[in-house]
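Position 1 is the first residue of the sequence, and the numbers go up from there. Everything quoted here is computed from the prediction, not taken from an experiment.
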Amino acid sequence: MAMSEDYSIITQLDLEDIKDSISTQDLPSAINTIKEYFKQQDLVELNIGVTGESGSGKSTFVNAFRGLGDEDEGSAETGPVETTMEPKLYLHPKYKNVKVWDLPGIGTPNFKADEYLKLVQFERYDFFIIVASDRFRECHTQLAKEIKNMGKKFYFVRSKIDFCITAEKRKKNFEQKKTLDTIREDCENGLRKINIEDPVVFLISGWELGKYDFNQMLERMEKELPQHKRRVLMLTLPNITLEINEKKKKALEENIGKVAFLSACIAVIPIPGLSITADIAIIADELRKYYSAFGLDDPSLQKLCERSGKTVEELKSLMKSPLHQGINTNSISTLLGAASLHISKDNVELLVSFIPIIGSLVAGGLSYLTVSRMLKRALNDIADDARNVLMASLETEV
């Protein structure tokens with residue numbers, strides 16, 4: 001049941017979520033419950049182990065997964081010779097709780113999967129990426145079986161697919177889909193021959209991460225990760241496909257009810273001309289998270305310009321959200337004013353009946369609904385801007 005015109009203000013699901021969060025507590029306790037929820041959310045770690053033979057492209061994958069090129073500051077060292085003799089930690093440039101580990105190369109003559117996993121401290125990783133640049137060999141399957149025995153998830157990645165496509169394009173009867181299907185099938189058949197049941201191989205290019213099977217791999221990870229880890233993964237991925245853009249939007253939507261609750265209940269600033277109060281700082285902080293997650297903050301745009309050949313001005317000209325000129329008290333108050341025009345007495349009464357702790361003050365309920373609507377509208381607009389910027393950068397690269 002949604003109470004909305006163009007944009008959902010608040011749904012029954014949102015109300016259930018807030019009700020579950022605050023239960024029957026008094027207001028100060030309820031505020032602390034939500035604050036603690038956000039604190040714990042920020043502390044969630046994601047540890048990803050990337051392994052494979054020397055020269056397989058695992059270090060390039062480590063960089064691309066964090067939105068970096070091989071020559072960017074903070075990138076993992078790459079090259080045909082193994083540069084990693086022990087697990088090397090690379091933090092995400094924006095989200096320091098996301099840790100991508102470049103693991104030592106496998107495939108040495110005396111390789112033993114169980115000893116290797118103890119050496120790299122297998123228990124620290126949420127999942128493993130097993131990378132091969134041509135065929136998968138015994139060392140890959142040994143490792144996969146041992147990881148499975150230890151109760152962890154892994155994903156087979158066939159890297160450097162861009163090189164294969166470039167070589168195949170020279171043939172007269174070239175069809176990209178057919179070529180990719182053949183490579184995938186060959187890899188999976190090869191794994192079956194060395195005793196991996198029902199293998200799934202994802203074809204990836206570290207140089208063009210958004211192409212080929214990257215979205216399919218994310219779909220699989222999304223299903224297999226616990227919800228709180230899934231959210232971290234979606235927010236930290238580089239915004240390189242339309243599917244990722246949509247997943248980020250859904251992940252950010254999940255917090256809107258709780259942010260609106262805090263903003264309304266810690267309400268310190270009356271909005272001129274409106275019968276609501278809101279904590280503008282809480283709203284501003286959330287909006288900045290949107291820009292950062294979608295890669296629309298200035299440092300991210302600058303990096304995108306270097307790769308796409310566009311100027312910052314060109315990309316910003318595609319951004320229609322009224323917030324892209326600046327997140328401040330005036331811009332937020334204007335959007336709150338626009339949102340409040342769509343809040344009806346029925347909306348407030350439903351909220352009061354469903355969650356008395358907010359509805360105990362009609363102004364509090366009104367503030368909650370207004371902030372909810374404003375954040376949903378802002379998130380929609382920012383996601384649309386990110387989509388337009390992504391499309392423009394992809395056009396340049398083609």
Checking Ser331 side chain against Gly326 main chain: does a donor-acceptor pair fall under 3.5 Å? yes
For Gln227, side-chain contact (heavy atoms from CB on, under 4.5 Å) partners two or more places apart: Arg230, Glu254
Exercise: do Ser56 and Glu53 side chains pair donor with acceptor under 3.5 Å: no
side-chain hydrogen bond (donor to acceptor under 3.5 Å, both in side chains) pairs touching residues 140-157, sequence neighbours excluded, are Tyr155-Glu224
Count I, L, V, M, F, W, Y as connected when their side-chain heavy atoms are under 4.5 Å apart, and connections chain through other members. Are Leu46 and Leu68 then in the same cluster? no
For Lys229, give me all partners under salt bridge (charged side-chain N to carboxylate O under 4.0 Å, His left out), at least two apart in sequence or on another chain. Asp126
Side-chain donor-acceptor pair under 3.5 Å between Tyr116 and Thr51, yes or no? yes
Within 6.0 angstrom of Asp198 CG, more than 12 heavy atoms from elsewhere: no
Show your working on side-chain contact (heavy atoms from CB on, under 4.5 Å) between Phe136 and Cys187 and close with a plain yes or no. CA-CA 7 Å; Phe136 287 92; Cys187 287; 4.2 Å; yes
Residues that Arg184 engages under salt bridge (charged side-chain N to carboxylate O under 4.0 Å, His left out), provided they are two or more places apart: Asp181, Asp213
Residue list, salt bridge (charged side-chain N to carboxylate O under 4.0 Å, His left out) with Lys303, at least two apart or on another chain: none
Any donor-acceptor pair under 3.5 Å from Arg66 side chain to Val100 backbone: no
Output the distance between atom NZ (Lys310) and atom CG (Leu301), rounded to the nearest 0.5 Å. 13.0 Å
Does a donor on one side chain and an acceptor on the other come within less than 3.5 Å for Thr241 and Asn215? yes
Strictly by modelled atom types, are Thr60 and Asn63 linked by a side-chain donor-acceptor pair under 3.5 Å? no
Under the 3.5 angstrom rule, does the side chain of Lys248 hit a backbone N or O of Leu237 as a donor-acceptor pair? yes
Checking side-chain contact (heavy atoms from CB on, under 4.5 Å) for the pair Met234/Leu252: CA distance, chi angles, key distance, verdict? CA-CA 9 Å; Met234 292 310 151; Leu252 289 162; over 6 Å; no
What's the verdict on side-chain hydrogen bond (donor to acceptor under 3.5 Å, both in side chains) for Glu45 and Asn47, showing C-alpha distance, side-chain angles and the deciding distance? CA-CA 6 Å; Glu45 273 195 7; Asn47 284 277; 3.1 Å; yes
Ile382, Val312: one ILVMFWY side-chain cluster at the under-4.5 Å cut-off? no
With sequence neighbours excluded, what pairs up with Glu115 under the salt bridge (charged side-chain N to carboxylate O under 4.0 Å, His left out) test? none
Hey, are Asp162 and Ser205 close enough side-chain-wise for a donor-acceptor pair under 3.5 Å? yes
Can you name the nearest heavy-atom pair linking Gly210 to Ile240, along with the distance? N-CD1, 3.6 Å
Test Tyr212 against Phe214 for ring-ring contact (aromatic ring centres under 6.0 Å, His included), laying out the working first. CA-CA 6 Å; Tyr212 314 118; Phe214 191 59; over 10 Å; no
Thr311 backbone acceptor or donor facing Glu314 side chain under 3.5 Å: yes
Okay, side chain of Ser372, backbone of Tyr368: is any donor-acceptor separation there less than 3.5 Å? yes
Give a yes or no on this: more than 12 heavy atoms of other residues, nucleotides or ligands lie within 6.0 Å of atom NZ of Lys96. yes
Does Lys247 NZ have over 12 foreign heavy atoms under 6.0 Å away? yes
Using the rule given for side-chain contact (heavy atoms from CB on, under 4.5 Å), can you reason through Leu287 versus Leu375, listing the C-alpha separation, both sets of side-chain angles and the distance that settles it, and then say yes or no? CA-CA 8 Å; Leu287 293 170; Leu375 285 173; 4.0 Å; yes
Applying the salt bridge (Lys or Arg N to Asp or Glu O under 4.0 Å) test to Lys316, which of Asp385, Asp297, Asp298 qualifies? Asp298
Has Lys58 got a side-chain atom pairing as donor or acceptor with Gly55's backbone, closer than 3.5 angstrom? no
Do His92 side-chain atoms and Thr236 backbone N/O form a donor-acceptor pair below 3.5 Å? yes
Hey, could you give me the CG/OG1 distance between Leu335 and Thr370, rounded to the nearest 0.5 Å? 12.0 Å
Check whether any side-chain N or O of Arg192 sits under 3.5 Å from a backbone N or O of Glu197 as a donor-acceptor pair, and report yes or no. no
Going from OH on Tyr291 to CG on Leu323, what distance comes out if it is rounded to the nearest 0.5 angstrom? 5.0 Å
Nearest-0.5 Å distance that lies between atom CD in Glu219 and atom CZ in Phe202: 10.0 Å
Any side-chain donor paired with an acceptor under 3.5 Å for Lys249 and Asn380? yes
Could you walk me through whether Val157 and Val201 pass side-chain contact (heavy atoms from CB on, under 4.5 Å), step by step? CA-CA 6 Å; Val157 163; Val201 174; over 6 Å; no
Between Glu175 and Lys178, is there a side-chain N and carboxylate O pair less than 4.0 Å apart? no
Test your reading of the model: is there a side-chain donor-acceptor pair from Lys94 to the backbone of Ser292, 3.5 Å cut-off? yes
Any donor-acceptor N or O pair under 3.5 Å, side chains Asp279, Ser263: no
